[in-house]
Enquirer: 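This is the structure, below, for whatever I ask next.
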There are 2 protein chains.
Amino acid sequence: MVETPARPESRGERKERTRRAILDAALALCEDSSLVALSLRQVAKEVGIVPTAFYRHFESIEALGLELVDESFVSLRAMLRDVRRRDPALEDVIDGSIRILVEHVHQQRAHFHFIARERAAGPPTVRGAIRHEIELCERELAADLTRLPDIGPWSAEDLRVLSNLIVMAMVATAEAILSAPRRPDAEKQIVETARTQLRMVLIGALNWRSRS
Amino acid sequence: MVETPARPESRGERKERTRRAILDAALALCEDSSLVALSLRQVAKEVGIVPTAFYRHFESIEALGLELVDESFVSLRAMLRDVRRRDPALEDVIDGSIRILVEHVHQQRAHFHFIARERAAGPPTVRGAIRHEIELCERELAADLTRLPDIGPWSAEDLRVLSNLIVMAMVATAEAILSAPRRPDAEKQIVETARTQLRMVLIGALNWRSRS
DNA sequence: AGTTTGAGTGAACGTTCGTACACCCGGGAC
DNA sequence: GTCCCGGGTGTACGAACGTTCACTCAAACT
């Protein structure tokens, strides 16, 4: 039972509200352990329902995890849309992209943390789902890179390798922000590092390509 | 009780043997979950001792985890020593380093897997220990890079950033190998990707530096 | 108005968990 | 030869676990 609302509430609304409460509770509870160490009863207690009521919404903790993956990547995709919408090369692409990344990491801290954790430690199906989503991100990035004049004519394989490297660096940067002390100067350094690294990578890619 | 040996065995030897058995069992048991989901009783059962006997060797699962971190990095450090021993630029540094990395990942599969997992999902103290060890690796790499003629005069900060990028790429490569299908061609592609990426990074670093 | 449906309840089950405690018994020091 | 230290044992506990089942009762359908 999820607190009585002020006024009327349809059956479906009620259900959706409980479902959300379960997802939020799970996200919060596994913040410092992992899905694989999260119990159905903890979640139920946190939400304020009896354990068996959990099954009305999810088949298992693992199924709940897959839902959280979807949810996390919805917001991540929103971020990528933001990045892509920017006029390329109007202002510095690198600085802008990193700024948006950092912004979204703060806004969706729990989701990013969830992904970073379960990517390595979640149940196999969850790990697989996350890996798949990240591959999609790499493909999208590769497609975007084609639009940059100096990179357009590259081979598909080269684009894949470069995208993989960049996404990897962005994942690592997000992880660094998440696990750094929450002081602005610490974050500032991480951002500065990421910026330099992205520059190195891009310049390297260009020079490497033009001589091979 | 860990199987009766053929002949005499000192008290200390016996204890060490049980301790090893516990460490190995824990490493094997958390292979597809995480330390935070590993129970003392599972470990005890696997080893073949009664649950309470566990406390004769470790204060808690978390303490056992810290021990596993140390152990993992001992072998990792051995690997780095291998890499460093190679005559620089005798054969291609990149190819040789990656080859050694791959070799060690296979030899110490369980340890690498453990690190990759607990780095993101372990108990806070374990995460901290792993982060610290990885930082040490970055510093060692930075020191090594100083010996390369074209990089020697770089600033400490630039070296840090470059080392961070390279170590990050190596961690990601190791993770990719661990979670890839165990077919030689799949691994071959990962290795090829890593090699190209390292080249891009190094060339980028050199060019970026020489123009700033 | 009468009936169906389904989210949430509550008690109960068989396990497994971490930990406490008293105990055993053989190697090693005296 | 005696004593003690300590790795390993066995039992026992209260708590938490996933899952079952029969239930309520109000919204929604007919």
Side-chain angles (χ1 to χ4, degrees), chain A residues 1-26 28-30 32-67 122-126, chain B residues 1-26 28-30 32-67 122-126:
Chain A
M1 256 309 195
V2 195
E3 283 161 26
T4 327
R7 279 309 163 80
E9 189 181 30
S10 87
R11 202 117 144 161
E13 287 170 340
R14 176 71 154 214
K15 172 156 190 179
E16 184 51 31
R17 210 156 58 92
T18 305
R19 183 185 158 87
R20 265 255 57 81
I22 292 177
L23 287 165
D24 292 346
L29 281 173
C30 74
D32 37 24
S33 55
S34 161
L35 258 193
V36 295
L38 182 62
S39 84
L40 181 156
R41 286 179 110 103
Q42 281 176 59
V43 177
K45 178 177 289 186
E46 177 81 5
V47 174
I49 58 175
V50 92
T52 46
F54 176 91
Y55 293 112
R56 300 283 184 201
H57 302 273
F58 300 99
E59 194 194 27
S60 64
I61 290 284
E62 186 172 321
L64 187 161
L66 290 175
E67 198 65 32
T125 62
V126 172
Chain B
M1 258 306 191
V2 197
E3 284 160 26
T4 329
R7 280 309 165 83
E9 191 181 31
S10 85
R11 201 117 144 162
E13 289 170 339
R14 177 73 155 212
K15 172 155 188 179
E16 184 52 30
R17 211 158 56 92
T18 305
R19 185 187 157 86
R20 266 256 55 82
I22 292 177
L23 287 165
D24 293 345
L29 281 173
C30 73
D32 36 27
S33 53
S34 163
L35 259 193
V36 295
L38 182 62
S39 84
L40 181 156
R41 287 180 110 102
Q42 283 176 59
V43 177
K45 177 175 291 186
E46 176 82 2
V47 174
I49 57 175
V50 92
T52 47
F54 176 90
Y55 293 113
R56 300 283 185 200
H57 302 273
F58 300 98
E59 194 194 27
S60 63
I61 289 284
E62 185 172 323
L64 188 159
L66 290 175
E67 198 65 32
T125 62
V126 172

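To find a chain, count down the sequence lines: A is the first, B the second, and so on, and within it residues start at 1.
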Enquirer: Taking the minimum atom-to-atom distance to the side chain of Tyr55(A), which one of dT9(D), dT19(D), dT9(C) wins?
Expert: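 Of the options given, the side chain of Tyr55(A) lies nearest dT19(D).
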
Enquirer: Answer with yes or no whether Arg41(A) presents, from its side chain, a donor or acceptor under 3.5 Å of a partner atom in the base of dG18(D).
Expert: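 Side chain to base: pair present.
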
Enquirer: Would you indicate whether the side-chain heavy atoms of Ile49(B) and Ile22(B) approach each other to under 4.5 Å?
Expert: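 Sidechains of Ile49(B) and Ile22(B): in contact.
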
Enquirer: In this structure, how many angstroms lie between the P atom of dA7(C) and the NE2 atom of His57(A), rounded?
Expert: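 His57(A) atom NE2 is separated from dA7(C) atom P by 7 Å.
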
Enquirer: How many whole angstroms separate atom CD of Glu13(B) from atom C1' of dG7(D)?
Expert: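 Between C1' of dG7(D) and CD of Glu13(B): 15 Å.
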
Enquirer: May I have the distance from Leu38(A) (atom CG) to dG18(D) (atom C1'), rounded to whole angstrom?
Expert: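 Going from CG in Leu38(A) over to C1' in dG18(D) covers 13 Å.
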
Enquirer: Could a donor-acceptor pair under 3.5 angstrom be found where the side chain of Arg56(B) meets the base of dG8(D)?
Expert: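 Answer is yes: a donor-acceptor pair is held.
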
Enquirer: Hey, which of these two, Thr52(A) or Gln42(A), hits DNA chain D nearer its 5' end, going by closest nucleotide?
Expert: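 Taking each residue's closest nucleotide, the earlier one in sequence belongs to Gln42(A).
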
Enquirer: Could you tell me whether the phosphate oxygens of dC17(D), OP1 or OP2, come under 4.0 Å of any side-chain nitrogen or oxygen in Ser39(A)?
Expert: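 Looking at the OP1 and OP2 atoms of dC17(D), one of them is under 4.0 Å from a side-chain N or O of Ser39(A).
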
Enquirer: Determine whether Leu23(A) and Phe58(A) make a side-chain contact, defined as any pair of heavy atoms from C-beta on separated by less than 4.5 Å.
Expert: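 The answer is yes, as the side chains (C-beta and beyond) meet within the 4.5 Å cut-off.
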
Enquirer: Let me know, please, whether Ile61(B) or Gly12(B) comes out on the 5' side of the other along DNA chain C by nearest nucleotide.
Expert: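 The residue whose closest nucleotide sits nearer the 5' end is Ile61(B).
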
Enquirer: Could you tell me how far apart Glu59(A) (CD) and dT19(D) (C1') are, to the nearest whole angstrom?
Expert: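 Interatomic distance, CD of Glu59(A) to C1' of dT19(D): 13 Å.
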
Enquirer: In whole Å, what is the span from the CD1 atom of Ile49(B) to the C1' atom of dG7(D)?
Expert: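 My rounded result for the distance is 9 Å.
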
Enquirer: Please evaluate the base of dG8(D) for a donor-acceptor partner in the side chain of Thr18(B) within a cut-off of under 3.5 Å?
Expert: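 No, no donor-acceptor pair under 3.5 Å.
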
Enquirer: So, for Val126(A) and Glu62(A), which heavy atoms are closest and what is the spacing to 0.1 Å?
Expert: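 That would be CG2-O, 4.1 Å.
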
Enquirer: Provide, to the nearest angstrom, the distance between the CD atom belonging to Glu46(B) and the P atom belonging to dT16(C).
Expert: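 Checked: the CD to P distance equals 15 Å.
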
Enquirer: Consider the side chain of Arg11(A), meaning its heavy atoms from C-beta on, and name the nucleotide among dG8(D), dG6(D), dA27(D) that approaches it most closely.
Expert: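 Side chain of Arg11(A) sits closest to dA27(D).
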
Enquirer: Between Lys45(A) (NZ) and dT9(C) (C1'), how many Å, whole number?
Expert: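 After rounding, the gap between these two atoms is 16 Å.
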
Enquirer: Expressed in angstrom and rounded to an integer, what is the separation of Leu29(B) atom CG from dC17(C) atom C1'?
Expert: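 After rounding, the reported distance stands at 15 Å.
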
Enquirer: Taking the minimum atom-to-atom distance to the side chain of Val50(B), which one of dT19(D), dG18(C), dT9(D) wins?
Expert: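 Out of dT19(D), dG18(C), dT9(D), the nucleotide with an atom closest to Val50(B)'s side chain is dT9(D).
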
Enquirer: Looking at residues at least two apart in the chain, or sitting in another chain, which of them share a salt bridge (charged side-chain N to carboxylate O under 4.0 Å, His left out) with Arg20(B)?
Expert: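 Result, salt bridge (charged side-chain N to carboxylate O under 4.0 Å, His left out) vs Arg20(B): Asp24(B), Glu71(B).
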
Enquirer: Would a distance-only check, ignoring hydrogens and angles, find a side-chain to backbone donor-acceptor pair under 3.5 Å from Ser34(A) to Ala37(A)?
Expert: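 Not confirmed, Ser34(A) side chain does not pair with Ala37(A) backbone.
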
